[in-house]
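This report refers to the structure that appears directly beneath it.
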Amino acid sequence: MDTGQLIQRDETCWEIPKKGAMRVPALIYADASLIRDMDQKVYEQITNVATLPGIVDAAYAMPDAHWGYGFPIGGVAAFDPDQGGVISAGGVGFDISCGVRTLHTGLTIRDILEQKHRLADELSRAIPAGVGSRGKISLNHNEMIAMLNGGAQWAVDRGFGEAEDLERTEEQGCMKGADPSEVSAKARERQHDEMGTLGSGNHYLEVQRVTEIYDQTIAARFGLAIDDIVITIHCGSRGLGHQIGTEFLKDMAVSASQYKIALPDRELACAPINSPLGKRYLGAMRAGINCALANRQILTHLTRQAVASIFPGARLDLFYDVSHNTCKVERHKVNGQMKELFIHRKGATRAYGPGHPELPTAFKDVGQPVLIGGSMGTCSYVLCGAKDNERRAYSSSCHGAGRAMSRHQATKQWRGRELVDDLARQGILIRSPSLRGIAEEAPLAYKDVSAVVDAADKAGLSRKVARLEPVICIKG
DNA sequence: ATGTCC
């Protein structure tokens, strides 16, 4: 991106001033180097988002922003229903409530070193991964509806995990207001035997080692210390979420003119929050969120079983679960008054600062854990919602490294087998059904995650707490 | 992201 088109507000905040059809300005949080490498499409896309009805304050892009469908991935936008605000399927993303959860293991790197290969094989056997992966659980109609209403709470009720897990999951594991009757038969059919599966693309299950602590006090509160082993699961709502996205995107594109919404890009298709279509999508999307929460909950149970077969005494307590493709109703201050806004976060993580009433007791005084996945073979980070970050991007932070190169380009540049061998030499074990998938996910096809989190920290979105490095990676 | 094209 050409920095000449932007007004630099400070070291990590860049403004696209309001012009043309824009209702508000757009703000990008990144350092100069990330901005220079950022896709020019991000400029176009957040400029377009800023034209949508009812948008409040600004359209935001996180430091990891890149070209997405309509909205950039790494985009945040808040809409006011009382000002004609809209909800957009492309503003949530196809993989509804894709997210990350990290489990403590109580083990250290010394405990697992000699069992590394066994653990990799066991996890690979226990976790269904890859395109169209299927699980052992299949849901009949009534169970499907119960799952879409109950999310991770439904999963815990069925014996997948423990009640304590729910306290450490956004929405206590259950998104209220889901309407399974708005989830089509086709979407439900696609999910019939996909519960408890990882899927493909950038989804993974990773065994990680804590290698650096940046904030001793918060790390201690988060239960993280050097050489601890944690396990991180990154996945979403599988075929069901994708089907919901596909169907509503089409409906929203068709009905935009009926709602008198001028779309600068068809991919920005949306509907007023208070319209019948907007309400239908909200109900379906919330059911999709529950599907993703239930899916990660079942995967947690499968992970616990796999780890227990090698380390019988290990306790895999949930550290935290965050979603990064959502639209949520939150109370925020607008012109000095508290308002209920619909916050779209696409490839962006909620990052409540210290003291937020919705935080679990364990984190209330320090802030929300923010889990940032790196690319395969590179590091990941744990951050913490920063004080006063509400006024920056409605308490949001980045979600990962962000792609720097297309999947197609990556497959031309790398061979899966060579990447697996290279990483094995670095002591990182990869298990995946797809060598092509590995090539698409080559570490160098992503932005430098360390630069991304440094920018998020400097911008005051969230604070660095700990760095994690991969030991084993189960890839979809 | 996605039964990587109904």
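Computed from a predicted structure; not experimentally measured. In what follows, every chain begins at residue 1, and chains take the letters A, B, ... in the order their sequences are listed.
Rounding to whole angstrom units, NE2 of residue A:H234 and C1' of B:dT2 are separated by 14 Å. B:dT4 atom P lies 10 Å from atom CZ of A:R436, rounded to whole Å. Put simply, CG on A:L240 is 12 Å from P on B:dT2, counting in whole angstrom units. Between the CD atom of A:E189 and the P atom of B:dT2 there is a distance of 18 Å, rounded to whole Å. What separates CD of A:Q243 from P of B:dT4 is a distance of 12 Å, to the nearest Å. One interatomic measurement links the two molecules: CD1 of A:I244 to C1' of B:dT2, which rounds to 13 Å at whole-angstrom precision. Distance A:E440 CD to B:dT4 P: 13 Å, rounded to the nearest Å. In this structure, A:Y69 places its OH atom 17 Å from P of B:dT2, rounding to the nearest Å.
With salt bridges taken as basic N to acidic carboxylate O contacts below 4.0 Å, none links A:E171 and A:K176.
Across all strands, A:G239 comes closer than 4.0 Å only to sugar-phosphate atoms, never to a base (heavy-atom distances). Using a 4.0 Å heavy-atom cutoff across all strands shown, A:K186 reaches at least one base atom of the nucleic acid.
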Tell me which donor-acceptor pairs under 3.5 Å the side chains of residues 23-30 of chain A have, and how far apart each pair is, sequence neighbours excluded?
| from | atom 1 | to | atom 2 | distance (Å) |
| --- | --- | --- | --- | --- |
| A:R23 | NE | A:T51 | O | 2.7 |
| A:R23 | NE | A:L52 | O | 3.3 |
| A:Y29 | OH | A:R392 | O | 2.8 |

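Mapping A:E441 and A:V131 onto DNA chain B by nearest heavy atom places A:E441 at the nucleotide closer to the 5' end.
A cation-pi arrangement, defined by a distance under 6.0 Å to the six-membered ring centre and an angle within 45 degrees of its axis, is absent between A:R168 and A:Y320.
Contact annotation: A:R238 side-chain N/O to B:dT2 OP1/OP2 distance is under 4.0 Å. Phosphate contact (OP1/OP2 of B:dT2, side-chain N/O of A:S200, threshold under 4.0 Å): present.
Residues A:T211 and A:E469 have side chains that bring a donor and an acceptor to within less than 3.5 angstrom of each other.
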